[in-house]
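This report refers to the structure that appears directly beneath it.
Counting starts at 1 for both ligands and their atoms, in listed order.
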Amino acid sequence: TFLATDLTIDTGVQELLLKANSEGIETAFDRAKQQEPHCKFGLAGVCCRRCMMGPCRISFGEKGAKRGGCGATADQIVARNLLTLIVDGATPHVEHAREVAHTLLEAAEGIAPYEIKGKDKLWKIALDLGLTLEGKSTNEVAKEVALIALQDFQKQTGVATWLSLHAHAKSVETWEKLNILPRNAHLEIANAINKAAMGCDSDPLNLLLGVMTMALVEGYDGLHLSTDLSDVLFGTPKLVKAQYNMGVIKADYVNIAVHGHIPMVSEKVVEWSRKLNGEAKALGAQGINVIGICCSANELLMRQGVSVATNFASQELAIVTGALEAMVVDAQCIMPGLQKVAECYHTELISTLPNIKIEGSSHVEFSPAKADQMGEEIVRKALARYTERDMVKLQIPKGTVEAYAGFSVEQIVEVLSKINQEDPLQPFIQALTDGDILGVVAIVGCTNPRVKQDWANTELAKELLKHNVLIVATGCSAHSLGKFGLLSPEGIEYCGPKLANVLKTMGEANGLTSLPPAWHMGSCVDNSRIDDLLVALANRVGVGVRDLPVAGSSPEPQSPKALSIGTFFIAQGVDVHIGLNAPISGSPFVENALTGDKGDFAVTTDELFGGKLIYEEDPIKAAHVLLQRIIKKRTALGLQS
Ligand code: NFS
Ligand code: SF4
């Protein structure tokens with residue numbers, strides 16, 4: 001029997017799963033089940049397909065092969081696989097960043113039709129880069145910044161500029177000693193693939209150091225560069241209010257879902273939806289309604305207040321409402337299964353990036369210079385589909401939940417400045433010192449059909465809030481929290497009394513009853529904002545990031561991006577929890593290095609960097625492991641808990 005309540009706690013998604021089931025439509029939840037049981041060699045990371053002597057796999061028991069055909073051991077195979085997995089996570093973000101830098105360059109040159117909205121951010125970056133601003137136009141400065149950014153994909157010596165711009169001095173010191181500082185993103189990606197290739201690097205420790213270099217590429221030339229230049233192009237997010245759940249899809253509107261990650265695409269869809277809104281009315285609709293899925297949702301929520309329909313695991317179910325005229329996708333986390341679902345309805349699935357196409361979908365090509373043509377053509381395609389809607393198949397789950405987002409570091413500082421104008425971080429640090437905020441945990445990453453959707457994300461958040469831990473959130477996890485009211489001031493009912501008081505005081509100073517208990521800081525590339533917040537706090541207190549009573553968690557990870565981001569935070573000395581295991585358990589060396597405590601083994605990240613990987617499937621238990629680690633860090637700082 002089919003029990004939708006086993007698959008997700010989102011009642012709208014449950015309703016649509018039943019609808020899909022009755023219509024004979026297969027979704028990720030069905031396909032994930034068909035893959036069970038998962039291959040145990042793959043789960044442990046001990047299979048190797050790196051050359052045609054193989055594929056090889058290492059057996060677990062007494063009997064069977066202990067080495068691959070070339071002589072590679074389990075430690076070597078797992079370390080090599082982890083390195084390429086982290087490349088798989090970091091590269092989409094690096095390419096995301098490069099696309100934004102390229103667009104900024106063409107915008108500054110007057111080739112691409114984007115207005116530079118984030119002038120403050122541009123000045124700040126330019127000054128941090130040591131540029132002079134005098135006598136220069138916005139476009140001239142933007143061009144210089146874009147060209148320096150693009151050097152992070154070319155320079156052969158020195159350290160990636162975006163790392164130098166953002167990293168805490170103490171972290172850089174650690175990384176320098178270990179000789180893991182990246183030069184340029186593309187070079188390090190090539191270097192990592194080269195290291196992992198058959199017959200190349202077979203020293204597990206050297207491979208793990210390669211993992212950490214790739215983590216720094218992810219952090220600076222992926223996350224930070226993407227966020228910085230997106231803020232320059234589209235503005236730095238400010239507090240906004242929007243709605244969550246499938247109910248944001250509206251029956252009497254032309255509905256366009258944007259799904260993926262690249263804001264240059266989604267921003268143009270919004271712009272053209274507003275321009276062509278009248279044409280929807282001419283068709284008898286109330287207008288055009290753009291809704292978000294996954295991180296495109298986050299980009300538009302943060303900057304435009306666009307409402308969010310759903311997150312990763314249930315992306316196909318948005319189409320099952322029968323109310324989407326178009327779903328526009330760009331890159332990352334786009335399930336190929338979407339097209340088959342779209343074919344059951346009038347929905348047009350539209351891919352946009354020249355190098356990322358979806359079999360069977362239509363394609364409207366994005367290039368920075370032709371962004372307006374793309375935006376207009378996409379919206380016109382959606383308008384054309386409206387009249388083809390099959391009213392018999394229409395079913396939109398009712399109800400939406402109010403949520404706040406827009407917590408950029410700039411916005412957080414502004415919110416806090418209402419309490420202390422001269423030293424905005426002071427009230428926050430005071431609350432941390434006094435234990436009114438016990439610590440901060442970032443709940444980030446995905447939903448994954450292998451885990452009951454939204455369950456682990458929300459359970460972990462609630463357990464931490466109860467213990468006065470403030471939550472910051474990004475990605476699809478932030479969507480989980482949004483759907484269940486944790487991004488709304490009402491969510492403070494889940495907080496311990498101390499944290500609730502702090503949030504009320506901060507909220508009241510800003511004309512709200514309270515701040516929400518979880519602060520939505522953006523898309524997955526915006527984990528850079530969390531990093532910036534930590535660096536700012538560490539600098540203000542005069543300690544390293546590794547000393548702060550903070551941690552990260554991805555309770556329902558799906559993408560290798562969750563692992564590359566997690567590794568980046570471990571490199572800073574932040575403990576990171578994952579609710580599904582990384583494929584490392586087949587190597588005692590790799591598993592111990594990442595998950596062991598300081599002093600336990602020859603080499604641990606806990607010892608070298610000050611943070612480790614924590615694997616725990618039970619969100620309540622995970623919360624308590626994180627609490628212990630936070631209390632340990634508080635004690636080391638001489639703080640009571
Ligand atoms: Ni992040 Fe964003 Fe969602 Fe996971 Fe995918 S959309 S980049 S990887 S699934 S959070
Ligand atoms: Fe097997 Fe070694 Fe080839 Fe991997 S690289 S497939 S372990 S022979």
Side-chain angles (χ1 to χ4, degrees), residues 28 41 45-59 65-81 84 88-97 195-202 218 222-223 226-227 258-263 266 292-302 308 310-315 329-335 442-451 453-454 457 473-482 520-528 553-566 578-580 586:
F41 299 99
V46 290
C47 54
C48 182
R49 287 180 291 115
R50 245 165 255 290
C51 84
M52 286 167 285
M53 252 198 286
C56 303
R57 58 190 199 186
I58 306 300
S59 83
K66 290 289 161 214
R67 285 175 181 262
C70 63
T73 63
D75 286 340
Q76 293 160 0
I77 290 173
V78 169
R80 282 197 307 214
N81 287 347
T84 55
D88 278 352
T91 303
H93 286 150
V94 164
E95 287 304 278
H96 177 154
K195 276 164 81 70
M198 194 277 168
C200 288
D201 199 341
S202 70
E218 160 68 295
L223 311 182
S226 297
T227 302
V258 290
H259 171 23
H261 290 79
I262 314 296
S266 49
I293 297 173
C294 284
C295 279
S296 286
N298 285 319
E299 298 283 346
L300 291 183
L301 166 67
M302 294 283 285
V308 181
T310 204
N311 50 11
F312 176 80
S314 47
Q315 55 185 269
V329 301
D330 44 54
Q332 306 170 35
C333 300
I334 318 293
M335 289 191 194
I443 299 188
V444 305
C446 325
T447 58
N448 179 334
R450 285 173 62 196
V451 180
Q453 187 188 21
D454 302 326
N457 285 336
T474 57
C476 288
S477 290
H479 295 328
S480 296
L481 306 185
H520 191 337
M521 295 187 74
S523 63
C524 289
V525 293
D526 291 336
N527 282 306
S528 62
S553 169
S554 183
E556 306 176 27
Q558 160 274 128
S559 169
K561 291 178 281 175
L563 293 177
S564 52
I565 294 168
I578 47 173
L580 276 174

Is any side-chain heavy atom of [X] less than 4.5 Å from a side-chain heavy atom of [Y]?
X	Y	answer
Phe312	Gln453	no
Ser59	Lys66	yes
Met198	Cys70	yes
Gln558	Cys333	yes
Ile58	Thr73	no

Can you name the residues that form a ring-ring contact (aromatic ring centres under 6.0 Å, His included) with His479, not counting sequence neighbours?
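In terms of ring-ring contact (aromatic ring centres under 6.0 Å, His included), with neighbours along the sequence ignored, His479 is linked to Tyr244.
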Residues in salt bridge (Lys or Arg N to Asp or Glu O under 4.0 Å) contact with Asp330, at least two apart in sequence or another chain:
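Per chain and number, Asp330 pairs via salt bridge (Lys or Arg N to Asp or Glu O under 4.0 Å) with no residue.
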Could you grab the protein N, O or S atoms closer than 2.8 Å to atom 4 (Fe) of ligand 2 for me?
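Protein N, O or S atoms closer than 2.8 Å to atom 4 (Fe) of ligand 2: Cys48 SG.
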Neighbouring protein N, O or S atoms of atom 4 (Fe) of ligand 1 [cut-off: under 2.8 Å, no waters]
Cys446 SG
What's the atom name of the N, O or S in His261 nearest to atom 2 (Fe) of ligand 1?
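Output for this pair reads NE2.
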Can you tell me if Arg57 has a non-hydrogen atom under 4.0 Å from ligand 2?
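Flag not set, Arg57 not near ligand 2.
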For a side chain to side chain contact (heavy atoms under 4.5 Å, CB included) with Leu223, tell me which candidate from His96, Lys561, His93 qualifies.
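The side chain to side chain contact (heavy atoms under 4.5 Å, CB included) with Leu223 is passed solely by His93 among His96, Lys561, His93.
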Mode of Gln76 contact toward ligand 2 - side chain, backbone, both, neither (heavy atoms, under 4.0 Å):
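Looking at Gln76 and ligand 2, no heavy atom falls under 4.0 Å.
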Could you check Ser523 against His261 for side chain to side chain contact (heavy atoms under 4.5 Å, CB included), going step by step and ending with a plain yes or no?
CA-CA 8 Å; Ser523 63; His261 290 79; 5.7 Å; no
Between Asp526 and Thr474, does a side-chain hydrogen bond (donor to acceptor under 3.5 Å, both in side chains) hold up when you go through it step by step?
CA-CA 7 Å; Asp526 291 336; Thr474 57; over 6 Å; no
So, the side chain of Asn448 versus the backbone of Pro557: is there a donor-acceptor pair under 3.5 Å, distance only?
yes
